[in-house]
Amino acid sequence: MKKRVVVGLSGGVDSSVTAYLLKEQGYEVIGMFMKNWHDDTVTISNECPWLDDSNDAMIVAQHLGIPFQAIDLSKEYKERIVDYMFAEYQAGRTPNPDVLCNREIKFDIFLQAALKLGAEYVATGHYARKDSFEKDGKTVYRLLSGKDPNKDQSYFLCQLTQEQLSKALFPIGELLKPEVRAIAKKIDLVTADKKDSQGLCFVGKVHLPDFLQQRLQPKTGKVIEIDAAASVFKNGYAADDLRALSAHYELAPEQGEVIGEHKGAHYYTIGQRKGLNLGGFEKPLFVIGTDTEKNVIYTGMGEDHPGLYRKALFIPNSDEHWVRKDLALAVGESKDYLTRIRYRQPLMGCTLHKREEGLYITFEKPQKSITPGQFAAWYEGEELVGSGVIS
């Protein structure tokens with residue numbers, strides 16, 4: 001009897017080819033479109049209107065001769081993703097909705113819906129791979145980077161568990177994007193030349209201030225520029241002082257000068273350059289710190305400003321996650337890994353240090369724009385071993 005798999009058909013080329021490949025491999029395939037968003041007022045132009053995507057997904061399913069249905073998860077999406085996003089921005093942190101969407105929606109709510117249909121697996125159009133091996137009589141699953149170095153999306157799956165991985169299939173992870181498009185063209189899929197969607201998972205391309213202003217009211221505050229030579233950036237810490245190395249710079253208004261106004265500190269993120277609307281400086285201005293309580297933004301001039309760089313970061317115990325639980329560090333242990341702190345960033349050499357209070361990551365070279373609320377993911381070769389929310 002054929003194994004049943006539910007494919008998350010998004011109306012894009014990647015999930016369309018995913019469904020085709022699985023059918024070719026002999027699975028019984030069901031296509032399911034997730035409707036997670038109703039409010040089109042915050043999307044920019046027609047970048048990702050869900051209605052078009054839903055129609056494309058349905059046309060693909062008909063073309064492939066597979067059953068199709070839509071599932072409305074907008075209530076769960078609002079509770080688990082959107083409400084969380086607002087709370088994080090309100091607190092001056094920058095969340096990653098795509099990572100959360102995979103953990104909370106695609107491989108939780110959607111997975112449960114698929115299992116109720118008698119499916120053994122869910123499949124998505126992610127550029128990632130998985131394999132497995134036996135250890136102590138148990139199957140251990142490994143999450144691997146996609147074969148296409150320009151499209152690898154393993155980072156977005158960094159919060160998955162062994163249980164979720166056991167039910168997941170990533171058929172296009174072995175392919176390059178041009179190969180995926182070529183397959184779609186060859187079998188005459190309506191999505192063959194469709195542009196890749198950008199922006200929030202399932203919402204589309206949004207103008208973030210407009211999106212955030214639904215709940216976070218504009219509030220005028222001061223923009224303060226702090227000189228690169230300020231004493232706060234002088235690092236006199238010992239290499240083993242992990243707390244000090246990973247601490248945020250303690251910025252205060254009196255350390256710099258007021259150069260303008262902003263509409264709300266919660267709209268800005270560390271490392272941001274666009275959206276400040278301040279000119280007349282010899283180098284570009286970057287956000288080096290935000291204070292949502294005092295409603296102050298701190299900026300520094302130039303890409304080499306020391307306020308943009310830190311040597312270490314911290315992940316509290318509650319936000320530490322190991323895809324490979326069998327490799328989790330015990331308190332007092334350290335291990336070298338490769339890490340990225342944002343999607344598409346090249347992997348960086350680092351050391352993980354496990355302490356009572358959580359996990360510290362020290363980098364071989366200081367890292368730019370380490371942003372609270374984002375995810376750090378660590379790899380051994382091509383395997384993503386674990387991740388955590390940057391404090």
To the nearest 0.5 Å, what is the distance between [atom1] on [X] and [atom2] on [Y]?
X: S16; Y: I59; atom1: OG; atom2: CD1; answer: 10.5 Å
X: L160; Y: N102; atom1: CG; atom2: CG; answer: 6.5 Å
X: I226; Y: E254; atom1: CD1; atom2: CD; answer: 9.0 Å
X: S387; Y: R103; atom1: OG; atom2: CZ; answer: 8.5 Å
X: K130; Y: S132; atom1: NZ; atom2: OG; answer: 7.0 Å
X: I109; Y: K75; atom1: CD1; atom2: NZ; answer: 8.5 Å

Of the non-hydrogen atoms in [X] and [Y], which two are nearest, and what is the gap between them?
X: P171; Y: A123; value: CD-CB, 4.4 Å
X: T339; Y: C350; value: OG1-SG, 2.8 Å
X: T292; Y: G92; value: CG2-CA, 3.4 Å
X: P95; Y: Y84; value: CB-CE2, 3.9 Å
X: K335; Y: L329; value: CB-CD2, 4.0 Å
X: P97; Y: I81; value: CB-CG2, 4.0 Å

Judged by modelled atom types alone, do [X] and [Y] share a side-chain donor-acceptor pair under 3.5 Å?
X: H353; Y: S334; result: yes
X: D336; Y: T351; result: yes
X: S15; Y: S10; result: yes
X: K263; Y: N295; result: no
X: H262; Y: T220; result: no
X: Q159; Y: E104; result: no

[X] bridged to [Y] by N-O distance under 4.0 Å:
X: D108; Y: R80; result: yes
X: R4; Y: E120; result: no
X: K311; Y: D241; result: no
X: E88; Y: R93; result: yes
X: R324; Y: E380; result: no
X: D193; Y: K185; result: yes
X: K138; Y: E134; result: no
X: D14; Y: K177; result: yes

[X] vs [Y] side-chain heavy atoms within contact, under 4.5 Å:
X: V17; Y: L189; value: yes
X: N317; Y: K354; value: yes
X: V180; Y: L176; value: no
X: I390; Y: I370; value: yes
X: V389; Y: I315; value: no
X: F110; Y: V6; value: yes
X: R142; Y: R129; value: no
X: I341; Y: F363; value: yes

Do you reckon [X] sits in the same ILVMFWY cluster as [Y], going by side-chain contacts under 4.5 Å, direct or chained?
X: L9; Y: Y121; result: yes
X: F68; Y: L22; result: yes
X: I297; Y: V258; result: no
X: L251; Y: L313; result: no
X: L111; Y: I105; result: yes

Please table the atom pairs, donor to acceptor, closer than 3.5 Å between any side-chain atom in residues 279-290 and protein atoms at least two apart or in another chain.
none

With a sphere of 6.0 Å drawn around [atom1] of [X], does it hold more than 12 non-hydrogen atoms of other residues, nucleotides or ligands?
X: E356; atom1: CD; answer: no
X: K116; atom1: NZ; answer: no
X: K186; atom1: NZ; answer: no

request  = Would you mind telling me which of Q345, R342, R310 makes a side chain to side chain donor-acceptor pair (under 3.5 Å) with Q367?
outcome  = Q345
Whether [X] side chain and [Y] backbone form a donor-acceptor pair below 3.5 Å:
X: Q153; Y: Y127; answer: yes
X: Q374; Y: T94; answer: yes
X: T191; Y: G11; answer: no
X: D152; Y: G146; answer: yes
X: E225; Y: G260; answer: no
X: Y267; Y: L216; answer: yes
X: S54; Y: L51; answer: no
X: K151; Y: G173; answer: no

request  = Return the set of residues passing ring-ring contact (aromatic ring centres under 6.0 Å, His included) with F156 (not counting sequence neighbours), or none when no residue passes.
outcome  =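 F156 satisfies ring-ring contact (aromatic ring centres under 6.0 Å, His included) with Y343 once adjacent residues are dropped.
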ask   = Where do D304 and K368 land on the salt bridge (Lys or Arg N to Asp or Glu O under 4.0 Å) test, with the steps shown first?
value = CA-CA 9 Å; D304 55 352; K368 185 182 177 188; over 6 Å; no
message = Parallel, tilted or perpendicular: which one describes the rings of H126 and F107, with boundaries at 30° and 60°?
response =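 Ring orientation of H126 relative to F107: tilted.
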query = Could you give all pairs that pass the ring pair (Phe, Tyr, Trp, His ring centres under 6.0 Å) test and reach residues 299-326, with sequence neighbours left out?
reply = F233-H305, F314-Y360, W322-W378
Side chain to side chain contact (heavy atoms under 4.5 Å, CB included) partner of I172, the single match among L21, T124, D148 = L21
key: Residue of the set K35, K195, K194 for which salt bridge (Lys or Arg N to Asp or Glu O under 4.0 Å) holds with D53   =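 That would be K194; it is the only one of K35, K195, K194 passing the salt bridge (Lys or Arg N to Asp or Glu O under 4.0 Å) with D53.
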request  = Show your working on salt bridge (Lys or Arg N to Asp or Glu O under 4.0 Å) between K222 and D291 and close with a plain yes or no.
outcome  = CA-CA 11 Å; K222 291 181 170 61; D291 184 336; over 6 Å; no
ask   = Can K23 be said to sit on top of Y27's aromatic six-ring, NZ or CZ under 6.0 Å from centre and within 45° of the ring axis?
value =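 No, K23 does not sit over the ring of Y27.
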Aromatic Y379 / basic R340 pairing, under 6.0 angstrom, 45° off normal = yes
